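Structure record follows, encoded as structure tokens.
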There are 2 protein chains.
Amino acid sequence: MRFNIKDVARKAGVSISTVSRVVNDSKAVRPRTKEKVEKAIEELGYKPNAIARSLKIKNTKTIGIMIPDISNQFYPEVVRGVEDVANMYKYNIFLCNTDLDKEKEVQYFDALEEKQVDGIIFMGNLIPLELGEKFQKSDIPIVLIGTDYGDLPSVTINNHQASIDVINYLIKKGHKKIGMITGKEYDPVVGLARKEGYKKALQEADIEYVEELIIEGGYRFRSGYEGAKKLLDFKNRPTAIFVASDEMAIGAIRAALEKGIAIPDELAIVGFDNIDMAGKVYPSLSTIAQPMYEMGAIGMRVLTKILNDETLDNKKVLLNYSFIERESS
Amino acid sequence: MRFNIKDVARKAGVSISTVSRVVNDSKAVRPRTKEKVEKAIEELGYKPNAIARSLKIKNTKTIGIMIPDISNQFYPEVVRGVEDVANMYKYNIFLCNTDLDKEKEVQYFDALEEKQVDGIIFMGNLIPLELGEKFQKSDIPIVLIGTDYGDLPSVTINNHQASIDVINYLIKKGHKKIGMITGKEYDPVVGLARKEGYKKALQEADIEYVEELIIEGGYRFRSGYEGAKKLLDFKNRPTAIFVASDEMAIGAIRAALEKGIAIPDELAIVGFDNIDMAGKVYPSLSTIAQPMYEMGAIGMRVLTKILNDETLDNKKVLLNYSFIERESS
DNA sequence: TTGTATGCGTTATCAG
DNA sequence: CTGATAACGCATACAA
């Protein structure tokens, strides 16, 4: 049996306004009557109806989070970051898996809007024009994580510079033939940026850029595994491979080990992301650590600032990454 | 600018009832007026307010999913299963991370109830009495995944039998000294069941049960790593280890490799779960595959059946597991 | 300090 | 086929 505010008002012998007052402990209520009301609430097991409340006050204490796929190693950590600070601020979150599918993205966005979420956290690759426009026109605040679009608030890292750092590290280690397995190159802020960083670093070190040593991957294990196999089959194979995601890098490690190539002695491998497994596989993976949890937490923090009309000193926040040297390099 | 049903009614020159009718395409509306209304909706970019709708019709097309921790390898896959079928049935899901913390569990449960979710999917270890009672008293349908309580609907696998199968496999392979790193032994339906299966199988094969060969772990990497280290330090170390979770098993593999113990020649390792990484690490991990995605999908399907008043021929569904032999055994 | 009344944006009943 | 109107459960302005 579900009771409402009227039921407790009747039971306590007061009006619904006073019940409402004690529930929201607003205004002053005489201790005696407050007690009565609380007793009635207790006895009936009354719980306020957040839907009715939301309709009235025009916010839902609910936000949506759109990500490509929660079962992809990368996202759970950032979702966890989002959820933790959302919880601190009493928000609940709707989880939406878009699979980077434009239709799904639009469909979820519409659903979230209809459900009157107070805000949205979005992650994805290149944001399609149609969606980007919707985001900008929408009156619900949106913050982007790990991607960027127009003047929308976002939290990212400098992918381009991170790649440069990795390659410089490898060069300093004495490597001259450095291969790369890239991400999605159509995505300028992540995939392409990492590739361009690689190019730039080689160029600055006066190392010839060999088209053959670049394989386009797609972030997942299989493409890393197969990419590395190809790279390692060249007569003049690379002595180091920079892989644009840890999951692919773990695939590359497997490809090397299957061929009996020793890591890191005959081949150095460096990944990108620092997913949980990067430190657990054997040999453990050197990688650029994206602060995934923080990206989520800070993204959500930015959103709460917008929702509370706090001033945002910076719509575009750029987080620090770090290089973690482990056994694979 | 956000428009409501009144705005489109005015713009289309009809009453709000007819707008409502075309939005829900209920009853017959004359094609001509329907057209007018649709035009108005289009021009205003009207979107129905799901909150108001929910208040009236008393359902929200929303469910809650409570899990220990989305950043634990095991859960994303089942959450994905839940989400996919939820999406098929037009439900959105609230994601809640409980950290197995009783207070958080209760707090989230209350929040979900206040937000009027239509149902809840719950995962956790041993369900605390207080929470179990709440579940049973609640008028919102709850389905348990990977755990069990009273007469609540649940979807699980037979953990006890799965362990027996693993040990029998190991025995058939010729192993006589088989160690185990267990899960949480206070949890009867998972942790304890797996341990008991191990005991049972040994007993039936007339192999002595050596207390020393059992280490209590906690599902995560670290405990697997440390547990294996201990086990492998014994003068008379086991030739095989059954590890109650893949994440721990990957820790065990690392411990062995660090000691220069060859897998599977000197030591066989078998895990439990078949998380994504199990097939990707090197050597790849033999394991009991829990159908995680299906557990989620079927759990959600059960929930939709309850919500649609379809008959449930079986409140307790037991899914099949399978043994996957890979390189580690 | 407390109560009455109005409206949030819908759906649904009932007349027309 | 269409339109008034009464809920849904709550918060709040205003009155008392």
Side-chain angles (χ1 to χ4, degrees), chain A residues 1-41 44-62 110-111 113-118 139-140, chain B residues 1-38 40-41 44-62 90 110-111 113-118 139-140:
Chain A
M1 194 45 197
R2 218 109 139 184
F3 297 99
N4 61 25
I5 201 172
K6 231 172 179 169
D7 297 319
V8 352
R10 191 179 315 120
K11 175 130 193 165
V14 300
S15 77
I16 64 168
S17 349
T18 63
V19 175
S20 175
R21 286 189 193 105
V22 348
V23 168
N24 302 298
D25 53 39
S26 74
K27 303 262 186 148
V29 177
R30 187 151 52 105
R32 276 266 309 280
T33 75
K34 179 170 179 178
E35 220 171 87
K36 275 196 303 185
V37 172
E38 277 166 346
K39 186 157 157 266
I41 287 176
L44 293 179
Y46 165 75
K47 290 212 185 136
N49 181 324
I51 294 293
R53 178 163 210 279
S54 291
L55 179 58
K56 182 67 187 167
I57 68 178
K58 292 173 175 319
N59 72 46
T60 55
K61 280 291 180 185
T62 293
D110 288 345
E113 236 182 354
E114 292 188 5
K115 292 211 167 150
Q116 315 295 121
V117 296
D118 296 339
D139 16 43
I140 114 163
Chain B
M1 193 45 198
R2 216 110 141 185
F3 297 101
N4 61 25
I5 201 171
K6 232 171 180 169
D7 297 319
V8 351
R10 191 178 314 120
K11 174 131 193 164
V14 299
S15 75
I16 62 169
S17 331
T18 63
V19 175
S20 176
R21 286 189 192 104
V22 347
V23 167
N24 300 297
D25 53 39
S26 73
K27 305 265 187 145
V29 177
R30 189 152 51 104
R32 276 264 309 278
T33 75
K34 180 171 180 179
E35 220 171 90
K36 275 195 304 186
V37 172
E38 279 166 346
I41 288 177
L44 293 180
Y46 165 73
K47 290 212 187 138
N49 181 325
I51 294 293
R53 178 164 211 277
S54 290
L55 178 59
K56 182 65 186 169
I57 67 177
K58 292 175 175 318
N59 72 47
T60 54
K61 281 292 181 183
T62 292
K90 308 290 183 201
D110 288 344
E113 237 183 352
E114 292 189 6
K115 293 213 168 151
Q116 315 294 120
V117 296
D118 296 340
D139 17 45
I140 115 163

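Remember, it's a predicted structure, so these values are computed and weren't measured experimentally. Proteins come first, then strands; the chains are lettered A, B, ... in the order of their sequence lines, and each starts at number 1.
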Tell me whether the side-chain N/O atoms of [X] come closer than 4.0 Å to OP1 or OP2 in [N].
X     : N     : value
A/T18 : C/dT2 : no
B/K58 : D/dA7 : no
B/R30 : D/dC1 : no
A/N4  : D/dG9 : yes

Does any non-hydrogen side-chain atom of A/K61 lie less than 4.5 Å from one of B/K115? yes
Using the side-chain heavy atoms of [X], tell me which of these nucleotides is nearest: [options].
X     : options               : value
A/S15 : D/dA11, D/dC1, C/dT4  : C/dT4
A/S20 : C/dT10, D/dA11, C/dC8 : D/dA11
A/I57 : C/dG9, C/dT11, D/dA11 : D/dA11

Whole angstroms only, please: what is the [atom1]-[atom2] distance between [X] and [N]?
X     : N      : atom1 : atom2 : answer
A/E35 : C/dT2  : CD    : P     : 12 Å
A/N24 : D/dC10 : CG    : P     : 10 Å
A/I5  : C/dT4  : CD1   : P     : 14 Å
B/K6  : D/dG3  : NZ    : P     : 15 Å
B/D25 : C/dT11 : CG    : C1'   : 14 Å
A/N59 : C/dC8  : CG    : P     : 16 Å
A/I16 : C/dG7  : CD1   : C1'   : 12 Å
A/I51 : C/dT10 : CD1   : C1'   : 13 Å

Could you tell me whether [X] contacts a base, only the sugar-phosphate backbone, or nothing, with contacts defined as non-hydrogen atoms closer than 4.0 Å?
X     : answer
A/T33 : sugar-phosphate
A/V29 : sugar-phosphate
A/S26 : nothing
B/V14 : sugar-phosphate
A/F3  : nothing

Salt-bridge test for B/D139 and A/R2: reply yes if a basic N is under 4.0 Å from a carboxylate O, no otherwise. yes
May I ask you to verify whether the side chain of [X] and the base of [N] hold a donor-acceptor pair under 3.5 Å?
X     : N      : answer
A/R21 : C/dG3  : yes
B/S17 : C/dT11 : no
B/K56 : C/dA12 : no

Please round to the nearest 0.5 Å and tell me the distance separating atom CZ of A/R53 and atom CD of B/E114. 9.5 Å
Might you point out which heavy atoms bring B/I51 and A/L55 nearest each other, and give the distance in Å? CG2-N, 3.8 Å
Checking B/S17 side chain against B/S15 main chain: does a donor-acceptor pair fall under 3.5 Å? no
I'd like to know whether NZ of A/K34 has more than 12 heavy-atom contacts from other residues, nucleotides or ligands below 6.0 angstrom. no
